[in-house]
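Encoded as structure tokens, the structure appears first; notes follow it.
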Amino acid sequence: MSYWEDKWFKNYDFAVIGGGIVGCFTALKLIQERPNARIAIFERGLFPSGASTKNAGFACYGSLTELESDRKHLNDDDVKALVKLRYDGLHLLRNTLEDKEISYQENGGFELFMKPPDEIETRINKMNALLYPIFKENVFSQENKRIESNGFAKNKLSTLLKNKFEGSIDTGKMMWSLHEKVRKKGIALFTSTNIENFKEQRNSIVLEVQSELGLIEIKTKKLAICTNAFSKKWFPKGDINPGRGMVLITKPISNLKINGCFHYHQGYHYFRNIDNRVLIGGGRQLDMEKENTSVFGINDNIKKVLIDDLKNYILPNTPFEIEKEWSGIMAFGANKLPLVKRYSSRIVVGIRLGGMGVAIGSIVGNKTAEILLEEL
Ligand SMILES: Cc1cc2nc3c(=O)[nH]c(=O)nc-3n(C[C@H](O)[C@H](O)[C@H](O)COP(=O)(O)OP(=O)(O)OC[C@H]3O[C@@H](n4cnc5c(N)ncnc54)[C@H](O)[C@@H]3O)c2cc1C
């Protein structure tokens, strides 16, 4: 290593491991609060290669049945806190990047029911009352006429609910814009850089990176760990469980009528229109044992169910071809709250975003940075 390399590339005030949505927001908050600090993000992929570039791009708060299911495990205040986190997170995302930088479209979020749900009006009213303090308006309404206008199988679907506050983004564009913003702010962004290990010393932390020059040690005064589902290696006993999610996308379909973001089966399955293609994903609850993994891959049984859903319910009269499929890894814990906490006096973790990282990634990053900046 030269004197110059040592002086300029190997020492930082703050380092962030992970270049996904959380890592970027952590670094942006740090530079906002400490404009003269030397900050670096280390991302192991050539470009961000975690869930932030694999997801479906739903900007959502939770479908009616998903929130009802949460209500069975959480008290009402905790359910509201969960929705408020998503609400604040999406606002922060849209205040940080312009809507055109993420292709934000507020076309509404919808939940589909195959069988007629019991007492649906009463349930809608109850949930609207619970969420009123956050949205200051009713959130859910029944809009069954959209079953036909979206071209769905009207004889196989009974009910469609709308959440008018939900929208969608182009998730790749969001990450592109975030990386652009990070670089413009003078934050160093190293990709293809796998942090193999970190060691705490008295006044600093040493990050170990394998390179063509051998093992390089990078020093930082403080460290944020934003590696979400890939964090088990740092915290083998932590409450962090990986969960794989699958996505399929069709070739472009002419005259595609689908407009908005759709959920069914308590939010486990979802689909939307992107660039006149149908993106469909989810279904991990069908094979939890195999899907609780951090290994990328396609589960053929789940894929078959998703394709059957396209044929039977979503595109009943429209021929389609699947063009591409991929998987991404999420992180789950005993509850749905993210894990944002101090690991030591110099290290903070911001991880475990479940299936809602588009909505809460910004807030989790901000909070991670705030804790890191606290004077002890
Ligand atoms: C299929 C799928 C669909 C989803 N759909 C939605 C949706 O529609 N709406 C929504 O709100 N959320 C959705 N999510 C969830 C959302 O994508 C995640 O919660 C969010 O992206 C997590 O962001 P993150 O920055 O915490 O993690 P990640 O994006 O996973 O970032 C972690 C980064 O750390 C890097 N890394 C790991 N280890 C190291 C190391 N040792 N050294 C250097 N770098 C390392 C990884 O390469 C990765 O880029 C979905 C997720 C999946 C998988």
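Side chains included, hydrogens not; waters and symmetry mates left out as well; all remaining heavy atoms used.
Side-chain atoms of Thr220 do not come within 3.5 Å of backbone N or O of Leu223 as any donor-acceptor pair. Between the Lys232 side chain and the Ala229 main chain, no donor and acceptor come within less than 3.5 Å of each other. Although no hydrogens or angles enter the test, the distance criterion places no donor-acceptor pair under 3.5 Å between the side chain of Asp287 and the main chain of Ile302. For Asn194 (side chain) and Glu196 (main-chain N/O), no donor-acceptor pair under 3.5 Å exists by modelled atom type. Side-chain N or O atoms of Arg244 include one that pairs as donor or acceptor with a backbone N or O of Val295 at under 3.5 Å. Of the possible polar contacts, none joining the Asn276 side chain to the Ile253 backbone as a donor-acceptor pair under 3.5 Å is found. Proximity of a side-chain donor or acceptor of Thr191 to a complementary backbone N or O of Glu43 within less than 3.5 Å is not detected. Judged by distance alone, the side chain of Asn128 and the main-chain N or O of Val139 form a donor-acceptor pair under 3.5 Å. Under the 3.5 Å distance criterion, the side-chain polar atoms of Ser362 are matched with a main-chain donor or acceptor of Gly89. In this structure, the side chain of Asp239 engages the main chain of Ala334 through a donor-acceptor pair within 3.5 Å.
Looking only at side-chain heavy atoms (C-beta outward), Ile258 and Leu315 come within less than 4.5 Å of each other. Annotation: side chain of Ile249 is in contact with side chain of Ile274 (closest heavy-atom distance under 4.5 Å). Taking 4.5 Å as the limit, some side-chain heavy atom of Val364 sits within range of a side-chain heavy atom of Leu353. Two residues are said to be in side-chain contact when any heavy atoms from C-beta on lie closer than 4.5 Å; Phe9 and Phe190 meet this criterion. Taking the side chain as every heavy atom from C-beta outward, Arg146 and Lys162 approach each other to under 4.5 Å. Residues Leu64 and Ile120 meet the side-chain proximity criterion, which asks for heavy atoms closer than 4.5 Å. Looking at Asp99 and Arg94, their side chains come closer than 4.5 Å, going by heavy atoms from C-beta outward. With a 4.5 Å cut-off on side-chain heavy atoms, Val358 and Ile169 count as touching.
Summarising the geometry of Gly260 relative to Asn107, their closest heavy-atom pair is CA-CB, 3.9 Å, with the distance given to 0.1 Å. Pairing each heavy atom of Ala59 with each of Tyr104, the nearest pair is CB-CE1, 4.0 Å. The shortest non-hydrogen separation linking Gly167 to Cys261 is O-SG, 3.7 Å.
A tilted orientation is assigned to the rings of Tyr87 and His91, their planes being inclined by 30° to 60°. Ring orientation note: the planes of Phe58 and Tyr270 are nearly perpendicular, at an angle over 60° on the 30°/60° scale.
Cation-pi geometry between Arg44 and Phe230 is met: under 6.0 angstrom from the ring centre, within 45 degrees of the axis. A cation-pi arrangement, defined by a distance under 6.0 Å to the six-membered ring centre and an angle within 45 degrees of its axis, is present between Lys54 and Phe296. Remark: Arg86 is not positioned above the aromatic ring of Tyr61, lacking an NZ or CZ atom under 6.0 angstrom from the ring centre and at most 45 degrees off the axis. Annotation: cation-pi geometry not satisfied between Arg272 and Phe262 (NZ/CZ under 6.0 angstrom from ring centroid, within 45° of ring axis).
The number of heavy atoms from other shown groups lying within 6.0 Å of CH2 (Trp326) is above 12. Annotation: Lys233, atom NZ; neighbour count of heavy atoms from other residues, nucleotides and ligands within 6.0 Å is above 12. At most 12 non-hydrogen atoms from other residues, nucleotides or ligands lie less than 6.0 angstrom from NZ of Lys367. In the displayed structure, Glu374 atom CD is contacted under 6.0 Å by more than 12 heavy atoms of other residues, nucleotides or ligands. At most 12 heavy atoms of other shown residues, nucleotides or ligands fall within 6.0 angstrom of atom CD in Glu119. No more than 12 heavy atoms of other residues, nucleotides or ligands lie within 6.0 Å of CD in Glu148, so this atom counts as exposed by the packing criterion.
Linking ILVMFWY residues whenever their side-chain heavy atoms come closer than 4.5 Å, directly or via other members, leaves Trp8 and Ile31 in distinct clusters. The same ILVMFWY cluster, assembled from side-chain heavy atoms under 4.5 Å apart, contains both Leu90 and Phe140. Linking Ile, Leu, Val, Met, Phe, Trp and Tyr residues whenever their side-chain heavy atoms come within less than 4.5 Å leaves Ile195 and Ile41 in two separate clusters.
Checked against a 6.0 Å centroid threshold, the rings of His179 and Phe47 do not count as neighbours.
Between Glu68 and Lys72 there is no salt bridge, since no side-chain nitrogen of the basic residue lies less than 4.0 Å from a carboxylate oxygen of the acidic one. The pair Lys84-Asp88 meets the salt-bridge criterion, since a charged nitrogen lies less than 4.0 angstrom from a carboxylate oxygen. Ion pair Lys336/Glu66 flagged as a salt bridge, since at least one NZ, NE, NH1 or NH2 atom sits closer than 4.0 Å to an Asp/Glu carboxylate oxygen. Salt-bridge formation is not detected for the pair Lys173/Glu101: no Lys NZ or Arg NE/NH1/NH2 atom is positioned less than 4.0 Å from an Asp or Glu carboxylate oxygen. A salt bridge links Lys251 with Glu321: at least one charged nitrogen is closer than 4.0 Å to a carboxylate oxygen.
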**Request:** Report the C-alpha distance between Phe198 and Trp234 in whole Å, list the side-chain angles of each, state the deciding distance to 0.1 Å, and finish with yes or no for ring-ring contact (aromatic ring centres under 6.0 Å, His included).
**Result:** CA-CA 9 Å; Phe198 63 83; Trp234 317 118; 5.3 Å; yes
Passes side-chain contact (heavy atoms from CB on, under 4.5 Å), Ile225 versus Phe235? Steps please.
CA-CA 11 Å; Ile225 300 179; Phe235 316 110; 3.9 Å; yes
- Message: What verdict does the ring-ring contact (aromatic ring centres under 6.0 Å, His included) test give for Phe271 and Phe152, after you've listed the backbone C-alpha separation in whole Å, the side-chain angles of each residue and the deciding distance to 0.1 Å?
- Response: CA-CA 12 Å; Phe271 64 94; Phe152 303 146; 5.6 Å; yes
Residue pair Asp76, Arg71: steps toward the side-chain contact (heavy atoms from CB on, under 4.5 Å) verdict: CA-CA 7 Å; Asp76 281 357; Arg71 251 179 141 175; 2.9 Å; yes
With side-chain contact (heavy atoms from CB on, under 4.5 Å) as the criterion, how do Asn335 and Arg352 come out once you've worked through the C-alpha distance, each side chain's angles and the decisive distance to 0.1 Å? CA-CA 10 Å; Asn335 66 43; Arg352 210 180 68 187; 3.5 Å; yes
Decide yes or no on salt bridge (charged side-chain N to carboxylate O under 4.0 Å, His left out) for Glu5 and Lys10, but give the supporting numbers first. CA-CA 7 Å; Glu5 286 163 339; Lys10 286 179 60 188; over 6 Å; no
* Asked: Do Gln142 and Asn144 pass the side chain to side chain donor-acceptor pair (under 3.5 Å) test, and can you show the C-alpha distance, the side-chain angles, and the key distance before you say yes or no?
  -> CA-CA 6 Å; Gln142 206 173 164; Asn144 296 341; 3.1 Å; yes
Could you give me the CA-CA distance, side-chain angles and deciding distance for Tyr313 and Tyr264, then say whether ring-ring contact (aromatic ring centres under 6.0 Å, His included) is met?
CA-CA 11 Å; Tyr313 302 105; Tyr264 56 107; 7.3 Å; no
Q: Begin with the C-alpha distance, continue with both residues' side-chain angles, and end with the deciding distance and a verdict on side-chain contact (heavy atoms from CB on, under 4.5 Å) for Ile39 and Lys185.
A: CA-CA 10 Å; Ile39 303 174; Lys185 295 274 177 190; over 6 Å; no
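Considering OG of Ser254 and CG of Leu256, their distance stands at 9.0 Å, rounded to 0.5 Å. The distance from the CD1 atom of Ile147 to the CG atom of Leu157 is 5.5 Å, given to the nearest 0.5 Å. Remark: Asn366 CG to Leu28 CG distance equals 9.0 Å, nearest 0.5 Å.
When each of Lys221, Arg346, Lys219 is tested with Asp13 by the rule salt bridge (charged side-chain N to carboxylate O under 4.0 Å, His left out), just one qualifies, namely Lys221.
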